[in-house]
Amino acid sequence: MTANTSTEQVRIFDTTLRDGEQSPGASMTLEEKLQIAEILDEMGVDIIEAGFPIASNGDFEAVSEIAKRSKNSVIAGLARAIHADIDRCGAAVKHADKGRIHTFVSTSPIHLKFQMNKTEDEVLDIITDTVTRSRNLIDDVEWSAMDATRTPIDYLCRCVDAAIKCGATTINLPDTVGYATPDEYKAMFEQIRERVPDSDKAIFSVHCHDDLGLAVANSLAGVAGGARQIECTINGLGERAGNAALEEIVMAVRTRSDIMPYVTQIDPKFLVRASKMVAGASGFAVQYNKAIVGKNAFAHESGIHQDGMLKNAETYEIMRPEDVGVKATSLVMGKHSGRHAFRDKLKELGFDLGDNALQDAFRRFKDLADRKKHVYDEDIEALVEDEITILGESTKVIALTVIAGTGGPQKAILTMDVAGQHITKEATGDGPVDATFNAIKSIVPHEATLSLYQVHAVTEGTDAQAEVSVRLEAGGRIATGKGADTDTLVASARAYVSAMNKLALRQQADNPGALQAV
Ligand code: KIV
Ligand code: ZN
């Protein structure tokens with residue numbers, strides 16, 4: 001495979017923290033969002049859509065904080081075609097060296113009729129008004145035609161023309177419902193670019209959803225049609241079937257540079273770590289056979305494949321695992337390793353913890369090394385990610401004793417820190433997990449129902465750490481929490497409490513006056 005010589009830059013716009021976080025149950029804490037934004041910034045993402053500032057005080061704070069901290073990326077916030085949204089977004093992204101307002105309105109007949117109850121001309125006026133207002137606040141303005149792929153091309157041309165005339169610098173034409181095919185999507189960009197007089201004054205952008213499993217293919221087709229920005233998310237996280245997966249796009253462009261004359265400025269070595277971080281924060285595990293970042297993406301089981309691999313890796317591998325950050329599993333340290341070695345290992349794994357978090361993580365590492373014969377990189381990652389989750393939480397698990405076995409009923413004795421106060425309660429249940437969750441409920445009474453409980457082992461062996469995901473639902477809101485520990489019940493309690501904390505944050509965002517409202 002030979003690289004094409006005349007390559008053009010394609011910008012990567014990551015919307016994990018906005019469209020990704022919009023998937024039911026994928027809410028993240030501020031601390032988790034800051035960690036994810038940091039790695040996106042470091043890996044070379046051109047634009048990070050950090051949130052939807054009008055949605056809640058939490059979203060506003062996350063966008064503002066990410067804007068303050070970002071070193072290289074443009075920081076964008078989303079705004080509906082409403083003045084209050086645009087002003088709030090402007091106030092959040094103004095902290096960035098490079099900020100962007102991303103405003104959108106629906107353009108398809110079905111949205112105009114049933115969602116907005118507006119005529120085509122009324123929507124054109126809205127575009128003129130809202131893009132102008134955005135441009136009065138900031139130079140970098142992206143305008144999106146929601147449901148562009150189901151919009152008649154003549155009307156879409158008029159909308160794009162209006163947005164560019166009012167100063168939009170990026171025009172995004174999303175396949176909002178994941179309906180388009182690659183040929184159609186490519187043709188749409190070609191026609192719009194040809195027919196809109198000032199189309200060369202803006203950068204065109206693709207934004208694809210995966211309802212038919214075509215999001216990545218459509219995104220690449222849009223680029224072939226002239227788009228030079230791709231909106232995507234880590235692990236393809238997003239509404240319904242998700243968005244186009246960033247890691248797949250980046251590696252497709254890189255691996256097939258012989259037929260795609262484009263480059264992105266993403267360093268792919270960060271992909272696996274970013275994937276793990278987003279899976280941990282969102283609680284959405286990555287399927288084993290997921291392209292690029294799945295556990296089996298580079299595993300070869302059949303004899304023929306293994307034989308070929310031993311002779312020459314290119315027989316069955318089109319990418320090298322180390323290119324995307326897959327490391328050979330390494331034995332890291334034992335119970336005699338000191339704080340310095342631990343800090344160095346964290347650096348190598350890409351974690352940069354503050355003094356207090358480092359202290360706590362080190363204490364937990366020592367504890368883990370006492371209980372587990374071999375401590376691997378994956379163990380350290382699970383432990384630190386767990387620590388990052390706990391960092392921003394107001395309610396924490398302090399101690400847990402469970403009496404289990406054939407005798408029943410199983411009993412849990414739990415101590416929790418609730419806003420600085422230690423409370424201990426006992427509860428019984430149908431099994432040790434049920435007893436543990438009942439103990440949590442007796443300390444923090446709430447109405448939320450459990451909709452998912454999942455356990456998986458971080459490494460091999462009976463002393464492996466368990467990584468537990470718990471999803472809770474209340475009042476139409478869903479939140480997923482994760483916990484890791486060699487004791488599955490401790491991990492379960494942590495995951496439950498983390499989900500509970502996230503749900504409370506979501507509910508406070510809906511109703512800022514509410515306190516502990518799970
Ligand atoms: O899918 C979509 O249309 C969106 C817009 C808000 C850009 O996410
Ligand atoms: Zn979307």
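In this text, all values refer to a predicted model and were calculated from it rather than measured experimentally. The basis for the numbers below is simple: all heavy atoms, side chains too, and nothing from hydrogens, waters or symmetry mates. As the structure lists them, so they are numbered: ligands from 1, and atoms in each ligand from 1.
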Within Glu231, is some N, O or S atom less than 2.8 Å away from the Zn ion (ligand 2)? no
Could you tell me if the side chain of Asp211 sits less than 4.5 Å from the side chain of Val177, heavy atoms only? no
Per-atom contacts, ligand 1 versus His209 - under 4.0 Å to a heavy atom: 1 (O)
Asp183 atom CG: more than 12 heavy-atom contacts under 6.0 Å: no
Between Tyr453 and Phe437, how do the two ring planes meet: parallel, tilted or perpendicular, split at 30° and 60°? perpendicular
With the Zn ion (ligand 2) as the reference point, give the N/O/S atom of His207 that is nearest. NE2
Nitrogen or oxygen atoms of Ser144 and ligand 1 under 3.5 Å apart: no
Ligand 1 versus Arg18, non-hydrogen atoms closer than 4.0 Å: side chain, backbone, both, neither? side chain
What is the closest protein heavy atom to atom 3 (O) of ligand 1, and at what distance does it sit? Thr176 OG1, 2.7 Å
How does Glu239 reach ligand 1, if at all, at less than 4.0 Å between non-hydrogen atoms: by side chain, backbone, both, or neither? neither
Taking 4.0 Å as the limit for heavy-atom contacts, which would you say applies to Asp19 with ligand 1: side chain only, backbone only, both, or neither? side chain
Residue Asp19 atom name (nearest to the Zn ion (ligand 2); N/O/S): OD2
Mind running side chain to side chain contact (heavy atoms under 4.5 Å, CB included) on Ile12 and Gln265 for me, showing each step along the way? CA-CA 8 Å; Ile12 296 294; Gln265 58 162 16; over 6 Å; no
Parallel, tilted or perpendicular: rings of Phe204 and Phe189 (30°, 60°): perpendicular
Atoms of ligand 1 under 4.0 Å from any heavy atom of His207, numbered from 1 in the order shown, are 1 (O), 2 (C), 4 (C), 7 (C), 8 (O)
Would Glu38 and Arg69 pass as an ion pair if we require N to O under 4.0 Å? no
For Lys165, is there an ion pair with Asp161 - N to carboxylate O distance below 4.0 angstrom? yes
